[in-house]
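The figures that follow rest on heavy atoms only: side chains count, while hydrogens, waters and symmetry mates do not. Just so you know, residue 1 is the first one in the sequence shown, and it goes up from there.
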Amino acid sequence: LRSLLNGERLPCIIFIGPHGTGKTSLARLVAHSALCRFVILSQADLSSFQIQEILSEAKEAMKCGQRTVLFVEKLSAFSTCHQEKLLCGIEEGHIVFIGATTTMHPSKELILSLWNQSKVFTLRELQYEDVCGVLERAILDMERGLRVALGDVPGVEVLAIKDEVIQFLAKASHGNARVALDALEASICIALRNWKEIQRFESTNRKRSGSRVGTEGVSKEERTKNSSLISGQHNDPSYNVLEHLEEYFQVNQGECSKP
């Protein structure tokens, strides 16, 4: 894949792999590395009008010397009619086609002319250690990680997640990094909500007792101690993140075959 990126012209690319193995992320990286526009075509957007609009925009972008990477999330929903309509843009070089599928034999989902132009890459299911690494990077990354998604939380300076939470997620997600990340974010939101309720309750009690404590007097050590609620370190088991995580996965397992 890296050698293809170094070439003058990108071929069509097909990513095969289970859910949550990074097919969309790889497609974004390809577009970024090749300095291309990136357009995602989801199943809901698949229509002749939408494809025609993408082709028109790609031609305009090509006038400025920029190609367009078109990423189709689900090849099985990409009909023969749509593929034929897109083929002219691919052959003229305006469009770099990238498709994703969980099917091991995608040749049945593509017309012959498009299949012959495609390079196929198979992604393996993420292992336990891989998912642990993804979660740890999401926690530590201050520019693109969970702290960015959650925003600033007054009173919390340290986002500390216990190792057992990460291990539980990595095991329960069955190699699906997206599921693991979504569950981690959901559990932190639950813990933060509970923490805010405790803060509100304590604030109300202080007002009733007539005591006034300014936030300026709260030390960094105290704020860090408060943030330990996020990692489930609380005397009351109802605030344990692992408990909420287990409930989250039980619900998901009841609704579908995998969490």
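For NE2 of His19, the number of neighbouring non-hydrogen atoms (other residues, nucleotides, ligands) closer than 6.0 Å is 12 at most. Crowding of Arg178 atom CZ: a count of heavy atoms from other residues, nucleotides or ligands under 6.0 Å not exceeding 12.
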Applying side chain to side chain contact (heavy atoms under 4.5 Å, CB included) to Ile166 and Ile139, what does each step give before you reach the verdict?
CA-CA 10 Å; Ile166 295 175; Ile139 294 165; 3.8 Å; yes
After noting the C-alpha distance and the side-chain angles of Leu41 and Glu73, does the key distance pass the side chain to side chain contact (heavy atoms under 4.5 Å, CB included) rule?
CA-CA 6 Å; Leu41 193 58; Glu73 290 183 318; over 6 Å; no
Quick one: do Leu55 and Ile95 satisfy side chain to side chain contact (heavy atoms under 4.5 Å, CB included)? Show the steps, please.
CA-CA 8 Å; Leu55 284 171; Ile95 298 283; 4.1 Å; yes
I would like to know whether Val165 and Leu135 meet side chain to side chain contact (heavy atoms under 4.5 Å, CB included); could you show each step before the answer?
CA-CA 10 Å; Val165 174; Leu135 294 175; over 6 Å; no
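What you find for Ala170 and Val131 is that their closest heavy atoms are CA-CG1, 3.7 Å. Minimum heavy-atom separation, Pro11 to Val96: O-CG1, 3.8 Å. Of all heavy-atom pairs between Glu92 and His94, the closest is OE1-NE2, 3.0 Å. Taking both residues in full, the closest heavy atoms of Ala183 and Leu169 are given as CB-CD2, 3.5 Å, listed atom of the first, atom of the second, then distance. Between Gly99 and Leu75, the shortest heavy-atom contact is CA-CD2, 4.0 Å. Contact record, Ala177 with Val134: CB-CG1, 4.3 Å, taken as the closest heavy-atom pair.
Note on Tyr128 and Val179: separate hydrophobic clusters, where clusters join Ile, Leu, Val, Met, Phe, Trp and Tyr whose side-chain heavy atoms are under 4.5 Å apart, directly or indirectly. Under a hydrophobic clustering in which Ile, Leu, Val, Met, Phe, Trp and Tyr are joined whenever their side-chain heavy atoms come within less than 4.5 Å, directly or via other members, Met62 and Ile51 fall into different clusters. Note: the hydrophobic cluster containing Leu35 does not contain Val30 (ILVMFWY, side chain heavy atoms under 4.5 Å, direct or indirect links). If you chain together hydrophobic residues whose side chains sit under 4.5 Å apart, Val72 and Met104 fall into the same group. Cluster annotation: Ile40 and Leu26 are assigned to the same hydrophobic cluster (Ile/Leu/Val/Met/Phe/Trp/Tyr, side-chain heavy-atom contacts under 4.5 Å, transitive).
If you take CD on Gln52 and CD on Gln50, they are separated by 11.0 Å, rounding to the nearest 0.5 Å. Summarising the geometry, atom CZ belonging to Phe15 is positioned 15.0 Å from atom OG1 belonging to Thr102; distances are rounded to the nearest 0.5 Å. Between Lys108 atom NZ and Ser76 atom OG the span is 13.5 Å, to the nearest 0.5 Å. Atoms NE2 and CZ, from His32 and Arg28 in turn, are 12.0 Å apart once rounded to the nearest 0.5 Å. Note that the CG atom of Leu181 and the CD atom of Glu185 stand 8.5 Å from one another [nearest 0.5 Å]. A distance of 11.0 Å separates CD of Glu57 from CG of Leu70, quoted to the nearest 0.5 Å.
Residues Cys12 and Ile90 form a side-chain contact, since some pair of their non-hydrogen atoms from C-beta on lies under 4.5 Å apart. For the pair Leu87 and Gln83, the minimum side-chain heavy-atom distance is 4.5 Å or more. Residues Lys23 and Ile98 fail the side-chain proximity criterion, which asks for heavy atoms closer than 4.5 Å.
A donor-acceptor pair is defined here as one N or O able to donate and one able to accept, closer than 3.5 Å; no such pair exists between the side chain of Lys74 and the backbone of Thr101. Looking at Gln66, its side chain never comes within 3.5 Å of a backbone N or O of Ala61 through a donor-acceptor pair.
The side-chain contact (heavy atoms from CB on, under 4.5 Å) test applied to Ser25 returns no partner, not counting sequence neighbours. A search for ring-ring contact (aromatic ring centres under 6.0 Å, His included) contacts involving Phe97 returns Phe78, not counting sequence neighbours.
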Output a table of donor-acceptor pairs, distance under 3.5 Å, between side-chain atoms of residues 112-124 and any protein atom two or more places apart or on a different chain; print 'none' if there are none.
{"residue": "Asn116", "atom": "ND2", "partner": "Leu112", "partner atom": "O", "Å": "3.3"}
{"residue": "Gln117", "atom": "NE2", "partner": "Ser113", "partner atom": "O", "Å": "3.2"}
{"residue": "Ser118", "atom": "OG", "partner": "Leu114", "partner atom": "O", "Å": "2.7"}

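Defined by atom type and a distance below 3.5 Å, a donor-acceptor pair is present between the side-chain atoms of Thr103 and Glu109.
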